[in-house]
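Read through the structure below, which is laid out as structure tokens, and then see the notes.
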Amino acid sequence: MDLKTDPALEGFRADVRAFFANEFPKDILEKTRRGASLTTEEVRKSEQALGQKGWLATAWPSEHGGPGWSLEEQYIFDEELERAGVPTVTPMGVVYVGPILYTFGTDAQKQRWLPGIREGREGWAQGYSEPEAGSDLASLQFSAVREGDEYVLNGTKIWTSAAQHADWIFCLARTDNSGKKQEGISFIISEMDRPGVTVTPIITIDGKHALNQVHFENVRVPVDYLIGEEGKGWTYSQYLLGHERTSYARIGGKRKQIRHLREIASAVPTGGNSRLIDDPDFARKLSDASLAVDALEMTVLRVLSAVKDGGAPGKEASIIKVLATTAAQQITTLYLDAAALNGVRGFADSVSPGWLEGDASAAFAAPGVSVYFGTRAQSIYGGTNEIQRNIIAKRVLGL
Ligand SMILES: Cc1cc2nc3c(=O)[nH]c(=O)nc-3n(C[C@H](O)[C@H](O)[C@H](O)COP(=O)(O)OP(=O)(O)OC[C@H]3O[C@@H](n4cnc5c(N)ncnc54)[C@H](O)[C@@H]3O)c2cc1C
């Protein structure tokens with residue numbers, strides 16, 4: 001696929017770029033650039049800016065309110081979104097549960113939930129993991145017991161991203177204990193403000209509040225909050241994970257970081273007349289990272305071409321997950337290398353003013369460290385990379 005030579009696609013790219021330059025809220029871009037966390041209101045503002053334009057649910061089929069873009073247009077849009085530094089769209093609604101709802105939901109469920117997701121009005125959280133069920137997700141114990149026209153939910157979900165911003169949560173819940181552990185799991189939705197739901201924040205090593213523990217105590221939801229068939233939740237959850245793992249690619253953002261690193265490395269002196277970019281070890285690592293992004297891009301295009309007609313990415317999504325997250329970790333390690341050298345420069349400045357030019361503490365250093373820690377988590381969430389390698393070995397390579 002050559003995205004660079006088609007004039008129609010270049011016109012599309014120019015329109016998207018102009019939107020981000022002129023119409024997207026500047027305060028949000030500025031806060032994100034500084035590496036600061038957004039409030040719930042700012043997350044909504046950011047996503048509604050896309051939603052009002054019809055550019056939030058970009059991969060949805062047009063019959064469900066997607067923009068009807070080709071794969072190439074979607075790809076260019078994602079590149080431009082990341083290039084502009086737009087905050088990552090909270091994927092739980094638009095990338096994860098949206099496709100489940102339009103694929104397996106009833107008409108009433110589609111009408112109830114899809115508009116709020118694609119317009120960015122309602123936030124969602126993903127209630128899969130539990131304190132005793134992570135990689136072995138099928139061993140989950142969170143229960144849903146049917147009583148008349150309601151399910152009664154009990155249990156604890158953990159590592160729940162963005163639950164503090166969410167209006168809704170989709171949960172994997174055990175409705176039957178009698179068969180194989182994958183059977184008897186159901187896909188059930190709840191409002192976050194239902195009586196009996198409490199959220200406890202988890203602050204991570206990057207200093208951010210992105211994660212939570214969500215407790216359910218006798219939470220009653222109507223039976224029509226069940227998606228699809230009772231006991232078939234495992235099948236739906238796996239469908240969703242294909243979308244989730246493919247969404248980690250974020251190639252535009254990675255290319256932007258590589259360009260930024262080149263700029264930084266060209267400005268950071270390492271002693272004498274040499275700069276960080278002239279350091280063979282750093283230059284090699286930067287080239288490796290750049291090649292890793294090229295390889296990721298080829299894989300993404302190959303996987304997405306196969307799902308062009310509205311299907312879900314297959315087990316190959318696990319390859320994307322591993323490539324994308326290891327590339328992100330390579331890149332953010334290079335930021336740390338640069339920040340460390342900059343720290344030395346700052347020290348040198350303080351003992352020998354004027355020895356080196358410029359500000360002692362680089363603007364990229366603190367966000368760089370926070371992002372470095374944040375990207376360590378990428379090889380854990382969405383199913384750890386060890387688990388993905390097991391999937392690749394067994395189901396992609398047939399070993
Ligand atoms: C930042 C972040 C955000 C998250 N967001 C969400 C969210 O929004 N919703 C949600 O439901 N969950 C979320 N998670 C949870 C995430 O999906 C789990 O942490 C992940 O699936 C691993 O489960 P665990 O933490 O219980 O680790 P464990 O399953 O206990 O694994 C511990 C270690 O053992 C290894 N291991 C386990 N089994 C095997 C095996 N069979 N073969 C080889 N190695 C193995 C793992 O790779 C890992 O290194 C998030 C996690 C993080 C870190």
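Predicted, not measured: the structure shown is a model, and the values here were computed from it.
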With a sphere of 6.0 Å drawn around [atom1] of [X], does it hold more than 12 non-hydrogen atoms of other residues, nucleotides or ligands?
X      : atom1 : answer
Asn22  : CG    : yes
Leu291 : CG    : yes
Glu217 : CD    : no

Any side-chain heavy atom of [X] sitting closer than 4.5 Å to one from [Y]?
X      : Y      : answer
Glu132 : Gln141 : no
Lys254 : Leu296 : yes
Asp337 : Leu334 : yes
Tyr151 : Ser186 : no
Gln213 : Pro131 : yes
Thr160 : Leu211 : no
Phe216 : Asn154 : no
Gln330 : Lys285 : no

If only atom types and distance count, is the side chain of [X] paired as donor or acceptor with the main-chain N or O of [Y] below 3.5 Å?
X      : Y      : result
Asp278 : Arg275 : yes
Arg194 : Arg220 : yes
Asp176 : Ser178 : yes
Lys321 : Gly383 : yes
Ser290 : Ser287 : no
Arg174 : Lys181 : yes
Thr103 : Ile100 : no

Inset, instruction - Take Val221 and Glu150 through the side chain to side chain contact (heavy atoms under 4.5 Å, CB included) test and state the conclusion after the steps. - result: CA-CA 5 Å; Val221 297; Glu150 292 178 321; over 6 Å; no

Taking the six-membered ring for Trp, are [X] and [Y] closer than 6.0 Å centroid to centroid?
X      : Y      : value
Phe187 : Phe170 : yes
Tyr102 : Trp60  : yes
Tyr381 : Trp159 : no

[Y] versus [X], side-chain donor and acceptor atoms under 3.5 Å:
X      : Y      : value
Gln388 : Ser318 : yes
Thr332 : Arg376 : yes
Ser379 : Gln329 : yes

Are [X] and [Y] connected, step by step, through hydrophobic side chains (Ile, Leu, Val, Met, Phe, Trp, Tyr) whose heavy atoms are closer than 4.5 Å?
X      : Y      : result
Ile380 : Leu137 : no
Phe12  : Leu81  : yes
Met298 : Ile258 : no

Grab the two heavy atoms, one from [X] and one from [Y], that are nearest each other, plus how far apart they are.
X      : Y      : answer
Tyr335 : Gln257 : OH-O, 3.6 Å
Ala338 : Ile264 : CB-CG2, 3.8 Å
Gly105 : Lys110 : O-CE, 3.4 Å
Ala144 : Ile188 : CB-CD1, 3.5 Å
Glu73  : Trp69  : OE1-CA, 3.3 Å
Tyr236 : Gly228 : OH-CA, 3.4 Å

Legend entry - From CE (Met192) to CD1 (Ile169), nearest 0.5 Å: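 With rounding to 0.5 Å, CE (Met192) is 5.0 Å from CD1 (Ile169).
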
Legend entry - Spacing of CD1 belonging to Ile251 relative to OH belonging to Tyr248, to within rounding of 0.5 Å: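 Ile251 CD1 to Tyr248 OH: 15.5 Å, rounded to 0.5 Å.
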
Is [X] salt-bridged to [Y], cutoff N-O under 4.0 Å?
X      : Y      : value
Glu82  : Lys256 : no
Lys45  : Glu42  : no
Lys232 : Glu183 : no
Glu122 : Arg112 : yes
Asp167 : Arg44  : yes

Inset, instruction - Give every residue pair that meets the side-chain hydrogen bond (donor to acceptor under 3.5 Å, both in side chains) criterion with at least one member in residues 46-56, sequence neighbours excluded. - result: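 Of all non-adjacent pairs touching residues 46-56, those that pass side-chain hydrogen bond (donor to acceptor under 3.5 Å, both in side chains) are Glu47-Thr90.
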
Legend entry - Transitive ILVMFWY cluster of Ile391, excluding itself - 4.5 Å side-chain cut-off: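 When side chains under 4.5 Å apart are linked, the cluster holding Ile391 also contains Ile387.
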
Inset, instruction - Step by step, work out the side chain to side chain contact (heavy atoms under 4.5 Å, CB included) result for Ile158 and Ile202. - result: CA-CA 9 Å; Ile158 194 166; Ile202 300 173; 4.0 Å; yes

Inset, instruction - Take Leu101 and Ile189 through the test side chain to side chain contact (heavy atoms under 4.5 Å, CB included) and record every step on the way to the result. - result: CA-CA 11 Å; Leu101 291 170; Ile189 285 170; 4.1 Å; yes

Legend entry - Steps toward side chain to side chain contact (heavy atoms under 4.5 Å, CB included) verdict (Leu56, Arg118): CA-CA 6 Å; Leu56 186 59; Arg118 70 171 177 252; 5.6 Å; no

Inset, instruction - Test side-chain hydrogen bond (donor to acceptor under 3.5 Å, both in side chains) on Thr326 and Asn385 and set out the steps. - result: CA-CA 9 Å; Thr326 46; Asn385 281 15; 5.6 Å; no

Legend entry - Phe142: which of Leu153, Leu172, Ile185 passes side chain to side chain contact (heavy atoms under 4.5 Å, CB included):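 That would be Leu153; it is the only one of Leu153, Leu172, Ile185 passing the side chain to side chain contact (heavy atoms under 4.5 Å, CB included) with Phe142.
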
Legend entry - Residue among Thr375, Val293, Val371 satisfying side chain to side chain contact (heavy atoms under 4.5 Å, CB included) with Ile331: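 For Ile331, the side chain to side chain contact (heavy atoms under 4.5 Å, CB included) test succeeds with only one of Thr375, Val293, Val371, which is Val293.
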
Inset, instruction - With sequence neighbours excluded, tell me which residues meet ring-ring contact (aromatic ring centres under 6.0 Å, His included) with Tyr225. - result: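 Partners of Tyr225 under the ring-ring contact (aromatic ring centres under 6.0 Å, His included) test: Trp113, Trp168.
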
Legend entry - Asp224 and Gln109: CA distance, side-chain angles, deciding distance, side-chain hydrogen bond (donor to acceptor under 3.5 Å, both in side chains) verdict: CA-CA 8 Å; Asp224 54 13; Gln109 289 171 336; over 6 Å; no

